[in-house]
Structure formats: C-alpha cells, structure tokens
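Structure, as structure tokens:
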Amino acid sequence: MRLRRCAHLLFEPRESLQFDLDSLAGGGDGLRTQLSLLALVPHRQEEIAVSAQDVALLAAVPCTVWSEFDALAAVHGDEPLRDLLARGLLVGDDADSVDHERDERLRAANWRTLSAAQHYLGRWDGVRSGEEVQRAGYVTLGELIGKLGEPPPAAQRHADAAARLPLPPPRQTAFDELLQRRATCRNFDRDVPLTQDALASVLHRVFGAQGTLTLDGGGATTVLKRNSPSGGGLHPTGAYLIVQRVAGLAPGLYHYRPVEHALEPIRAMTVDEAADLALRSVAAQAYFAAAPVLVALAVRFPRSFWKYRNHAKAYRVAALDVGHLSQTLYLAATDLHLGAFVTAAVNEVEIEQAFGLDPLVEGVLAVCGFGTRAERRAADEFDPNGRIWREDGSRIGS
Ligand SMILES: Cc1cc2nc3c(=O)[nH]c(=O)nc-3n(C[C@H](O)[C@H](O)[C@H](O)COP(=O)(O)O)c2cc1C
C-alpha cells in the first residue's frame, strides 16, 4: 500500500477552562485549565486529538506524492502509521478507503486549507441555539448589555465635531420608502399561506436568471445574470426550499432552477415533517420556522473555486455572495408587503441531509424565509421608526 498525508490539516493547541471544586475548596479560583492538541480535519469534518509525536510523524509524510508504506514503516514503525491511517490523518491508496475518496474530492474542489477547516468544522448538527439564548437571557440587546457591558460604539470617530463636513439632505424616492419598510420579520402569520405568484416573484427576483450568456469552451458554459452581484460572475449559490404553506404546492422540499424558473421536487413531506425540519434548520428559532417558505442558500464550492483556486479570498467571496442574495430577498419580499429574514444560525448538516446534498460539493451558508406578517407583533423586531408596527403591537398597512 502507498500512503500520503490528507490534503487539508491544521493543528490547534487548545486551552479550555473547567470548573474545579477541589481548586475552590483549596482557596483557588475554582477553575482548572485543560490543554489539548487537536487536528482539525476538514475531510472528516471533525477535530481529532493528537500527540506531539503524531504531529511530528505527519509532518514527515508528504501530502502531494504517495510514499510506500513499507519504506515509511522502516523509519517510523508500523503501528504509528496504522494508527494515523485509522484516524484519517494519513490516507491510503486502497480503492475502498472512504478517507481516500473524501480527501480526493476535497483536493479536486481547490479549497484553501484555512477556509476548508473553517467551513467543515463550523457546521452545526442538532444545535438549538434559539432555545439556548432564550434560557440564558441573551436575546435582546438590552439583555446582552446587562451581561456583557456596553458594545463598541455604533460608528468610529476620526475628527472633532467642528471638523465634520455636513452633507446635503439625502433624496427620498420610492426606493427609500421600500428600504425603510425592510425589517427582519420574526412574526409570520401561521394561518396565511403564501400565494404561488408571490413565491414565484421573489424567487425570480432573487435567484432567477435575468439573462444568460453561453460561452463555447467545448461544452456549453452558461453564465447567469442575477439581480445581485457575484464574485467572478459565477453565481454558485442555489436555492433549496422548505415549503410549508404555499397555495397549490404540496409541502416538502424543492430546488429552484434559475434559467427555467421552475421548481424541482426533491421530497414530499407532511405538514408536520416540513415544520419539524424548518425548526431544526434554523436551530430552533421558532419565530423564523413559522415562515411559510424557508430557503437554504447553498454554495457549490467547485464552481466558485474553479476560478478562485486555493485562494485566500474564495470562501469570503462565497459568504458575501450569499449576503447579497439575502438582501435582495429582503427587498423583493418587502416590495410585495411580505416579511423576510436571514440567519446563519443554521444546522447545515441536517439541512444538507434532508435535501440529499453532498457537503463536499454544496454547502449551506444561510437560511432565509419570507411570508405574510402576523396581524400582531409577539416577538421583537427592530422597527424604531414605527414603519411596520404600531406601539400597541398591531401591524400597519396590509
Ligand atoms: C448574517 C445575518 C445573520 C442573522 N442571524 C440572525 C439570527 O440568527 N437570529 C435573528 O433573530 N436575527 C438574525 N439576523 C437579523 C438581525 O438580527 C437583524 O438584521 C438586526 O437585528 C437588524 O434588524 P433589521 O434587519 O430589522 O434592520 C441576522 C442578520 C444577518 C445579516
């Protein structure tokens, strides 16, 4: 057999503080420091405890070329190599090795190691942060200030007030009116289904191809024009829908095709199954899960990294693309007098599994949702100018 080090690997000396009753009883501060050395392994999507000897051995095995097992074993011993192979830190060239296959696919996607570690070790599975922050009283900014003190100021100051150059008053057009009505919605009407017309309009404005260009490079490379910018013009972000309540559309999972402006059914669900996935997808933020439609924004990394190969900015570009799409979604929904939200507090693993997405190809970075606002505000929204809600909690306008 031949082997090599997995392509993407980082080591972190981690220190964690733990409560220690003995320390407290002995007059100490009640804290114990625990030191550990971890390998961050994107292709395994896990952190693996390693020793300093493991690190030294891993540094001695090339990752770009294969080495004969026997030749390495003669120098480093058989057991330590087998141990690292079993933990996926070294990969063998045997055809049935899962680690080999996953490592190959990550290599093929042209990830930058730092970004791969950030992405694959930052994914959530089964996190219920919505409930946790409620329990801990960390929901409103007022609660946060009470626990954490004041945050840094809202804006930086670079000159005395006297040196400031006042600007003319800003224009007010219909666009400003639209912008001013945009606010993150945490109060969806659970009884009002979304119309197919509204669903189609928002999807087309945000994810639809407003135009296409076909380039002849031997195949037919399609370039999309969307209403948001995209790094490299590649638009690698797809829209995966959890449909809960849309008139005339069965609850379940769908994928939106941007050129054909059509939905691909992925899986039919009962109303309860869709509601359960919606809640899990947004980490138990119940106010977001109530939206009639949730849209998981999933980036196809190989399309983006086809241009941005092993690139220090590639993952940032992917995240910014998703941010632009989410703002367009807010505005598209607001224009139709619907509420919208975006959240990055998502259980990517559960969403990807539900849709059958291969996380080595496509990764969810955020979830948006939109739908009709409730008549009355129950959860907090940031509406300091009273554009959406009256003081008594009733909704303004239709
Ligand atoms: C990337 C991103 C992630 C967000 N995640 C959450 C979230 O997890 N939960 C939530 O209640 N709001 C979330 N929000 C909404 C913000 O809390 C909201 O934008 C902010 O309070 C300002 O309010 P506004 O959007 O109504 O102007 C997120 C917003 C952005 C841009």
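Both ligands and their constituent atoms are indexed starting at 1 by order of listing.
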Quiz prompt | Top protein contact for atom 12 (N) of ligand 1, by heavy-atom distance | solution = Arg186 NH2, 3.2 Å

Self-check item: Under 3.5 Å: N/O of Gln285 near N/O of ligand 1
Solution: yes

Quiz prompt | Atom indices of ligand 1 within 4.0 angstrom of Ala345 heavy atoms, with elements | solution = 8 (O)

Practice problem: Using a strict cut-off of 4.0 Å, indicate which atoms of ligand 1 neighbour a heavy atom of Phe288. | Solution: 7 (C), 9 (N), 10 (C), 11 (O), 12 (N)

Quiz item: Does ligand 1 have any atom sitting under 4.0 Å from a heavy atom of Phe341?
Solution: no

Exercise. I would like to know whether Asp176 and Arg171 meet salt bridge (Lys or Arg N to Asp or Glu O under 4.0 Å); could you show each step before the answer?
Key: CA-CA 8 Å; Asp176 296 278; Arg171 277 182 203 185; over 6 Å; no

Quiz item: What heavy-atom pair brings Arg4 and Thr64 nearest, and what distance separates the two atoms?
Solution: NH1-O, 4.2 Å

Quiz item: Is there a side-chain contact between Val259 and Leu224, using heavy atoms and a 4.5 Å cut-off?
Solution: yes

Exercise. Below 4.0 angstrom from a heavy atom of Ala183, which ligand 1 atoms are there? Numbered from 1 as shown, please.
Key: 26 (O)

Quiz item: Which of the numbered atoms in ligand 1 are below 4.0 angstrom from a heavy atom of Tyr287?
Solution: 11 (O)

Quiz prompt | Within-4.5 Å side-chain heavy-atom neighbours: Tyr240 and Val364 | solution = no

Quiz item: Hey, which atoms in ligand 1 end up nearer than 4.0 Å to a heavy atom of Ala344?
Solution: 3 (C), 5 (N)

Self-check item: Between Gln180 and Asn385, a side-chain donor and acceptor under 3.5 Å
Solution: no

Quiz item: Is Lys147 paired with Glu143 through a side-chain N to carboxylate O contact shorter than 4.0 Å?
Solution: no

Quiz item: Does some non-hydrogen atom of the protein lie less than 4.0 angstrom from atom 1 (C) of ligand 1?
Solution: no

Self-check item: Under 3.5 Å donor-acceptor, Thr328 side chain and His324 backbone
Solution: yes

Exercise. Only heavy atoms count here, so choose which of Val346, Leu365, Val342, Thr184 is nearest to atom 24 (P) of ligand 1.
Key: Thr184

Quiz item: What do you reckon, does Glu381 put a non-hydrogen atom under 4.0 Å from ligand 1?
Solution: no

Quiz prompt | Per-atom contacts, ligand 1 versus Arg182 - under 4.0 Å to a heavy atom | solution = 24 (P), 25 (O), 27 (O)

Quiz item: Yes or no on side chain to side chain donor-acceptor pair (under 3.5 Å) for Gln45 and Arg123, after CA distance, side-chain angles and deciding distance?
Solution: CA-CA 8 Å; Gln45 305 179 31; Arg123 291 158 77 247; 2.2 Å; yes

Self-check item: Presence of salt bridge, Asp335 and Arg205, under 4.0 angstrom
Solution: yes

Quiz item: Between Asp54 and Ser51, is any side-chain donor less than 3.5 angstrom from a side-chain acceptor?
Solution: yes

Practice problem: Among all protein heavy atoms, pick the one closest to atom 23 (O) of ligand 1 and tell me residue, atom and distance. | Solution: Phe382 CB, 3.7 Å

Quiz item: Does the protein put a heavy atom less than 4.0 Å from atom 10 (C) of ligand 1?
Solution: yes

Practice problem: Report the member of Val367, Thr343, Val282 with the shortest heavy-atom distance to atom 8 (O) of ligand 1. | Solution: Thr343

